[in-house]
Structures are given as C-alpha cells and as structure tokens.
Amino acid sequence: MHIHSLDYYSEPGRGVITLTRLCGWVIRKARVGRVLILEVCGNNTKPYVLALREDRDRDLFHIAEGLDIGSALCFEGDLAPLQRSKRGVEYSVSKIEVYAKPIEPLPVDISGKVPALLDTRIKYRWLLVRNPVEKALFKIRAGVLKAARKYLEDNGFIEVNTPKIVAAGAEGGATLFKLQYFEREAYLSQSPQLYKQMLISSFERVYEITPYFRAEKYNTTRHLNESWGIDVEQGFINSLEDVLETAENLVVYIVDYVRLNYKEELEILGVDLPKLSTPFKRLRFTEAVEILRSEGVEVSETEDLSDVAERKLGEVMAEKKHYLYFITGFPWSSAGFYYMREEDGVYTRKFDLDYRGLEIASGGQREHRYEKLVEAIREKGLNPENFEFYLEAFKYGLPPHGGFGMGVERLIMKMLNLENIREAILFVRDRTRLTP
RNA sequence: GCCGCCGUAGUAUAGCCCGGUUGAGUAUGCGGGCCUGUCGAGCCCGUGACCCGGGUUCAAAUCCCGGCGGCGGCGCCA
C-alpha cells in the first residue's frame, strides 16, 4: 500500500515519497511524560519506533496507550525526519490498526531484559523469535539454506526429493525410528544417502535439503533426533578431490553469503564471521592419529575419532589457523559399506569436514562397482537382499561418484558460536522433546 | 543407558552447606501513581513462588529417601 503523505509535502526540499504500511508486534513500550514510545517488530530485526505525543497525536496516543507488549498491529507512516531513537527506525505515524491484543501477559520476556533458560527458550521459541536477537539467528539460518541452494544450483546440481519413509537404513538398524507401514515395518529416513547415489544413474549432480531422523538416545549439546542436512552427490568424478572441492566451496560460499547479506543480524548477535579461504587443509586420518598421540590423546587406528579427540584436534589445527579442515582416508572398520575402499583394504575414501573441532559434514567417494559393493555389504555383516533396490542401480552404468551430507544445525552452531545445537533449530526434537 | 549438578513468583535469580532470626529477599513482568523523547529510562505503591510424595524434628525451602522434570559429561554421529 502506497499513500502519499501530507506531512511529507510540508517538509521543505523533498521530493516524492510513499507512505508505508508496516506490521508487527509491540516488543517494547515506554512512557516518558507526554510522550509514548512503541517499538514494533515484524520480520525486521531493527524495530520500528513510533513516538506519539499526547497533545499532538491525541487519538493515536490513546490507542497506543491501551496496547500491551505483544499486541499485533499495522501502522501507516513515513520515515520520521528526526531519527531520535538509538535502537530502531523512527516513523511518523498517521494510522494504527490493532489486530490482536494478548489476553494475558507473555510467559517470557521478549524484550531481552530477563534471560530465559534454554528449556524455557525452547518451549516458547515461536514467541521469543519476536525478539530481534532471537529472530536474527533464524533469519541467518534461512540465509544459510538460501546460499546453499544458490551455490548448488549455480554449479549444476539438481534439487531432488527422496522418501522419508524407507525400508532400510544406510548404516544398519540401530539408529532407526520404526513405524508401521500398513502390513509392513518401515523406518524414518536417517539419511538420503542411498537414494541420492541411485539417482547418479541419471543425473550428473543432485542435492537435497532434508531432515534426518535418528533414534540415538544420546543427550549432548551437538545432537538432535531430527536434524537437517544439505546432501550432495556428484557423478563422473575423477577422484575424491572433486568432492572435497565441492564441499569446501559450498561452505565458503555460505559463510560469505551470510557475512555479506546478514550484517545487521550478525551485529545483533555479536558475531564476527571471518572470511574463509580455500583450499581447506587436508589431513590424512593417519596423520590425525599421529598428531593426537603426540598430544597425549589415546586414539585407536581402526575406530572413528572420539569427540574428545576431535575437539583436541580442533585446538591443534586452530593454532595453525586451520579452522576448517578435512580428515580423509578413514579406516574401513569405521566406515559404511558404500565407501570406496583403497587397494590396501584397510583405508577408505571416506572423509569428515571439521569446523573447529566439530564434525559438520561427512562423505566420500562411493563404491560404484557392483561386485565390490555386494562384497562390502556381506563383509559388514549385512544382507545384500535387503539392499536389492539399491544394488540394482549399480547394474546399469553408474559412474564413479561421491558426495556428502552437511549438518545444517552444526554448521550454524559453529558459524555463530552457539553452545548448544538446540539453539540452531526452531522446534527441537531431542531425547525428551516431542512438543511443541 | 551410566556419571555429576540442579529444581524458589510469568521470567530470571538470592537464601539451602550450618533447620528457628523468612510473614522467603532482588530484578524484570503485571496493576496503579508521578514524570521535559525513553534507549535494558527513572521514582513511589501494589501483586505474585519454595516440583510431587514420604520421612527425621518441638520446628524443614533448608537434612534424608523415592518419584518426576531440567542441565552438563561419556558413548555415537550431521
């Protein structure tokens, strides 16, 4: 809605302007003598400030006086010639339409004066995101996904959607949520892994932004039972290096996109997002083991690194200014059956991407040769019959390929220095939370 | 699942160790009053809480047992 403002024309030396209609919720209210000040936030992170004088704006003043924090309203106004507020953008208001008033005081403080504990924050997240700080975080999350899409689309990846109700998991049975699928047992997808590989039968490059469902009973600051992943798979690769390049360029693009397009949000959150550069350090798994042992950390040569080891490695790497780094060549004993095995039979082309001591992505070059794959499934103690639908795709010309899954919440957690992964998702699904 | 810590007004906290002086303090919110456009405004008045059950004791928010709930660590992984 654009209406010319009469007030505007009374200001000397100005051209044409439009009167804007803006909407949001009252997040702060202050009365000082004869002036009433309202701060309103909609999708904006910087509040709209409405200052009303009892003598001049009598009707509007009385409307505003009756509004509590939390009221939903729209107003028509024009940028105020005098910007006196230190917090927001001030408007001269000509009309206020009130749409809803809270029927009781809000259960949490959305002005940010009184902090809420994580548990309370999660319970009332949908309400707390009215607060500019909380909102900034989720605007950045949206930006991360937007940037990922943009990078992948620009680089020839096609977005696909694969089933979330599946008959078999990618890793075995232990971490799956079971459900009844008519007469049969089915599971919630813990990864689109197998499906995106199958699609490399017909697409050169695919990606999917998808939830992962994992029934792990862990309770840590970096795990969710429903999390989101940016899943990428590319065919016709020459080596693992092609996949690593995609992963590092994607991360750099995302971080850069947020750094340049979300300055206001980063500032509100107090985050200084440094510019990244490629290539990221490539560290062999065996080198990582050596480094950790020289630091006095006990590490197994055949198992994945423990969280303690990963964090320690993060510290060591940070000293050398490697904030993001790959760990490549994981041992076969700690890898999924679908990773390509090296000739020695001991190591694989599986990699992890770590961001300051936290695994944010993992992937690798896949085994694309039918016989080798069947052999690998058997060797992992799995039954090839359960993977028939998957194995079939390897019979008709599946090129060498590889890919990775990147944890959206983990990436955001590291970018924004969050202490708990639960901060990075609006509605939390963890060991104990099923609502809201 | 194991280990550790914790549970006080709507929210966030003090008090608990060492039971009585607590009619449970403070901030913020909410209601009311004052107030030169405040900037997490200020000042005054009011409002509102000891997770549940059992036990010890003359006396329990405080000590003990059980339950429920939360946080952190480990395992595991994105």
Side-chain angles (χ1 to χ4, degrees), chain A residues 27-39 47 49-56 68-70 80 82-88 90 102 104-124 127-128 131-133 170-172 174-175 190-193 209-232 247 303-311 330 334-336 350 352-355 358-363 404-414 419-422 424-425 430-433:
Chain A
I27 61 160
R28 203 165 157 267
K29 184 181 170 186
R31 163 91 196 260
V32 185
R34 290 190 180 141
V35 180
L36 189 65
I37 294 153
L38 293 183
E39 287 183 13
V49 179
L50 320 186
L52 302 164
R53 302 188 79 96
E54 193 171 11
D55 45 357
R56 262 179 215 163
D68 291 322
I69 288 176
L82 250 165
Q83 289 290 327
R84 289 203 247 188
S85 169
K86 291 171 188 165
R87 302 159 49 89
E90 207 162 324
E104 53 187 69
L106 307 191
V108 281
D109 173 31
I110 57 164
S111 73
K113 288 180 210 167
V114 182
L117 296 170
L118 184 64
D119 189 39
T120 314
R121 303 248 316 279
I122 291 169
K123 187 175 173 193
Y124 291 108
L127 188 56
L128 277 169
N131 176 282
V133 179
E171 319 279 348
T175 64
Q190 51 152 220
S191 160
Q193 172 68 42
I209 295 175
T210 174
Y212 296 168
F213 303 97
R214 298 190 176 177
E216 300 279 5
K217 290 183 178 179
Y218 37 53
N219 189 12
T220 78
T221 54
R222 59 196 174 281
H223 287 96
L224 294 166
N225 292 290
E226 180 181 306
S227 68
W228 284 77
I230 301 165
D231 254 275
V232 173
E303 284 167 38
D304 202 348
L305 301 174
S306 71
D307 184 61
V308 179
E310 280 195 335
R311 278 202 305 260
F330 277 84
S334 77
K350 177 194 172 181
D352 276 0
L353 173 58
D354 281 32
Y355 193 161
L358 182 71
E359 186 182 331
I360 62 159
S362 85
F404 56 89
M406 188 175 292
V408 173
E409 290 80 19
R410 286 200 172 177
L411 174 62
I412 292 167
M413 191 181 169
K414 282 304 183 180
E419 282 180 10
N420 195 310
I421 198 165
R422 280 160 257 245
I425 190 163
D430 63 12
R431 184 73 184 87
T432 55
R433 268 174 267 255

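These values consider heavy atoms only, across backbone and side chains, with no hydrogens, waters or symmetry-generated copies. Just so we're on the same page: letters track the sequence lines, and every chain starts at 1.
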Check: Considering heavy-atom distances to RNA chain B, does A:Arg433 or A:Lys29 have its closest nucleotide positioned more toward the 5' end?
Finding: A:Lys29
Margin query: Working note: A:Leu36 + A:Lys29, criterion side chain to side chain contact (heavy atoms under 4.5 Å, CB included); need CA distance, chi angles, decisive distance, verdict.
Written below: CA-CA 7 Å; A:Leu36 189 65; A:Lys29 184 181 170 186; 4.1 Å; yes
Looking at residues at least two apart in the chain, or sitting in another chain, which of them share a salt bridge (Lys or Arg N to Asp or Glu O under 4.0 Å) with [X]?
X: A:Glu39; value: A:Arg28, A:Arg87
X: A:Asp231; value: A:Lys196
X: A:Asp307; value: A:Arg222, A:Arg311
X: A:Arg53; value: A:Asp55

Checklist line | Where protein sits on nucleotides 24-31 of chain B, one letter per nucleotide: B base, S sugar-phosphate only, - none, heavy atoms under 4.0 Å | finding: ----SSSS
With [X], which residues qualify under side chain to side chain contact (heavy atoms under 4.5 Å, CB included), at least two apart?
X: A:Thr432; answer: A:Asp430
X: A:Val114; answer: A:Asp109
X: A:Glu54; answer: A:Arg31, A:Arg34, A:Phe61
X: A:Pro102; answer: A:Asp68, A:Ser71, A:Leu106

Check the interface with nucleotides 32-39 of chain B: list each N/O to N/O pair with the protein under 3.5 Å, or write none.
residue, atom, partner, partner atom, Å
B:rG37, OP2, A:Val32, O, 2.6
B:rG37, N7, A:Arg53, NH1, 3.1
B:rG37, N1, A:Glu90, OE2, 2.8
B:rG37, N2, A:Glu90, OE1, 2.8
B:rG37, N2, A:Glu90, OE2, 2.2
B:rC39, O2, A:Lys86, N, 3.2
B:rC39, N3, A:Lys86, N, 3.0
B:rC39, N4, A:Arg84, O, 2.7

Margin query: The criterion is ring-ring contact (aromatic ring centres under 6.0 Å, His included); which residues satisfy it with A:Phe404, sequence neighbours excluded?
Written below: none
Checklist line | Nearest-angstrom distance, C1' atom, B:rA9 to B:rC5 | finding: 24 Å
Is there any protein nitrogen or oxygen under 3.5 Å from a nitrogen or oxygen in nucleotides 72-76 of chain B, and what are the pairs?
residue, atom, partner, partner atom, Å
B:rG72, OP1, A:Asn420, ND2, 2.6
B:rC74, OP1, A:Arg311, NH2, 3.0
B:rG75, O6, A:Asn219, N, 3.1
B:rC76, O2', A:Glu216, OE2, 3.2
B:rC76, O2, A:His223, NE2, 2.7
B:rC76, N3, A:His223, NE2, 3.2
B:rC76, N4, A:Arg222, NH2, 3.0

